[in-house]
Amino acid sequence: MIKVKVDGSDWTQDLAAARTMSELIELVKASIDPDNIITSITINGTDPVESDWRVALTVQGDSTVEISTGSKGSYINERLGTAVLITEQLINEFTRARSLYQEGISKDGNTAFGRSVNDLKVFLEWYYSVLALVPGAQSAREEFRTRVSEVTSICEQLFQQQLYQSWWALGQTIQNQLEPKLGSLRDYCANFAQSSESGNQSGGSVQ
């Protein structure tokens, strides 16, 4: 039987109406403070996997679902702050790939480059989903789209160089074009995180 804890306390409402994990989460959403949002979900201490959302709750057996909630503003600020660290990590990943290309180790360079591109794609999608939660941030979302287009254009150039096995040129493009753009993106994320936090602390919205 599923046991549910919300913010460390047993959740005692009837689970009969919840057949799946998604339906359970909707029940919990309806019961928490309307100013709060769900910030994390675990099943027996681990993050749910894709199949957990599709199967019936009865399949989970004697499991404990722990749900944490918090204010929307705090959640957003945390995620925006995390974005700065992620962009720094992405820069390091691409720098590593670039160094491998410049050292003539193209096979390892391709592996590192492919991983970096995938991580970048996931980050950009994730960050835009966070921006979508920020009230009054339409201009920020538009600026982010512009920055994504610039990064995407450089990546397309890199893919062409990879196709023609222009390893040295590829390394130079990463160093001279992509790394500076990612550095600019990191600074944008840092500035926006700071302005968002200031706006939430003063009770205003980010413009």
Side-chain angles (χ1 to χ4, degrees), residues 1-87 89-90 118-145 147-148 152 185 188-190 192-207:
M1 180 178 179
I2 287 285
K3 181 179 182 180
V4 179
K5 287 181 173 290
V6 177
D7 293 328
S9 299
D10 290 337
W11 194 66
T12 57
Q13 295 193 30
D14 187 6
L15 297 179
R19 295 167 298 177
T20 65
M21 181 66 66
S22 297
E23 292 178 356
L24 170 60
I25 298 307
E26 290 304 315
L27 282 178
V28 173
K29 281 182 180 178
S31 71
I32 63 176
D33 186 325
D35 292 329
N36 285 357
I37 61 174
I38 291 175
T39 58
S40 70
I41 303 167
T42 62
I43 301 175
N44 294 330
T46 61
D47 294 335
V49 297
E50 184 178 351
S51 60
D52 289 323
W53 297 100
R54 299 195 305 264
V55 301
L57 283 178
T58 52
V59 174
Q60 299 291 350
D62 295 328
S63 300
T64 298
V65 177
E66 296 190 65
I67 298 171
S68 297
T69 69
S71 72
K72 188 174 183 180
S74 296
Y75 175 83
I76 291 171
N77 287 339
E78 179 190 357
R79 294 303 186 272
L80 291 176
T82 300
V84 180
L85 301 177
I86 296 174
T87 51
Q89 179 180 341
L90 286 168
N118 288 335
D119 289 346
L120 175 62
K121 180 176 183 294
V122 170
F123 166 73
L124 295 176
E125 293 174 350
W126 171 81
Y127 190 76
Y128 191 79
S129 71
V130 174
L131 285 181
L133 297 173
V134 182
Q138 181 61 35
S139 61
R141 289 191 286 272
E142 291 299 328
E143 181 180 354
F144 184 67
R145 285 196 190 97
R147 292 176 180 274
V148 170
T152 300
L185 184 64
Y188 161 82
C189 290
F192 187 74
Q194 184 176 11
S195 64
S196 177
E197 184 174 7
S198 299
N200 283 327
Q201 288 176 348
S202 64
S205 59
V206 176
Q207 297 299 324

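The analysis underlying the following values was restricted to heavy atoms, covering all of them including side chains, and did not include hydrogens, waters or symmetry mates.
- With hydrogens and angles ignored, the 3.5 Å screen pairs a side-chain donor or acceptor of T152 with a backbone N or O of V148.
- The line from CD1 of I32 to CD1 of I37 is 8.5 Å long, rounded to the nearest 0.5 Å.
- Contact of the L27 side chain with the W11 side chain is registered, since non-hydrogen atoms from C-beta on lie closer than 4.5 Å.
- T69 and D7 are linked by a side-chain donor-acceptor pair at a separation below 3.5 angstrom, with hydrogens and angles left out of the test.
- Aromatic ring pairs are classed by plane angle as parallel below 30°, tilted from 30° to 60° and perpendicular above 60°; the pair F144 and Y127 is tilted.
- Proximity of Q60 to V55: side-chain heavy atoms (C-beta onward) are separated by under 4.5 Å at one or more points.
- Residues K72 and L133 are in side-chain contact: their nearest non-hydrogen atoms beyond the backbone lie under 4.5 Å apart.
- Residues T64 and I43 form no side-chain contact, since every pair of their non-hydrogen atoms from C-beta on lies 4.5 Å or further apart.
- A donor-acceptor contact shorter than 3.5 Å is absent between the side chain of S63 and the backbone of I2.
- The minimum heavy-atom distance between S31 and Q13, with the atom names listed, is CB-NE2, 3.2 Å.
- Residue-environment remark: NZ (K121) stays at or below the threshold of 12 foreign heavy atoms within 6.0 Å.
- Heavy-atom minimum distance, D10 versus K3: OD1-CE, 3.3 Å.
- Side-chain atoms of D33 come within 3.5 Å of backbone atoms of D35 as a donor-acceptor pair (strictly under, hydrogens ignored).
- From R79, atom CZ reaches atom OG of S74 across 11.0 Å, with rounding to the nearest 0.5 Å.
- A donor-acceptor distance shorter than 3.5 angstrom exists from the side chain of T87 to the backbone of A83, with no hydrogens or angles considered.
- Remark: R141 CZ to R145 CZ distance equals 7.5 Å, nearest 0.5 Å.
- Side-chain atoms of I25 and I67, non-hydrogen and from C-beta on, do get closer than 4.5 Å to each other.
- With hydrogens and angles ignored, the 3.5 Å screen pairs a side-chain donor or acceptor of D52 with a backbone N or O of V49.
- Taking every heavy atom of both residues into account, L120 and L90 meet most closely at N-CD2, 3.6 Å.
- Across every non-hydrogen atom of A18 and L57, the tightest pair is O-CD1, 3.4 Å.
- Ring geometry, F123 versus W126: the interplanar angle falls from 30° to 60°, so the pair is classed tilted.
- Counting heavy atoms from C-beta on, the side chains of E66 and V4 never come closer than 4.5 Å.
- Within a 6.0 Å sphere centred on CZ of R19, heavy atoms belonging to other residues, nucleotides or ligands number 12 at most.
- Counting only heavy atoms from C-beta outward, the side chains of L80 and T82 never approach each other to under 4.5 Å.
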Inset, instruction - Decide side chain to side chain contact (heavy atoms under 4.5 Å, CB included) for C189 and F192; before the verdict, give the C-alpha distance in whole Å, the side-chain angles of both, and the deciding distance to 0.1 Å. - result: CA-CA 5 Å; C189 290; F192 187 74; 5.9 Å; no
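- Using a 4.5 Å heavy-atom threshold, the side chains of D47 and I41 count as separate.
- Closest approach of Y188 to A140, counting heavy atoms only: OH-O, 2.9 Å.
- Separating the OG atom in S68 from the NZ atom in K5 is a distance of 11.5 Å, to the nearest 0.5 Å.
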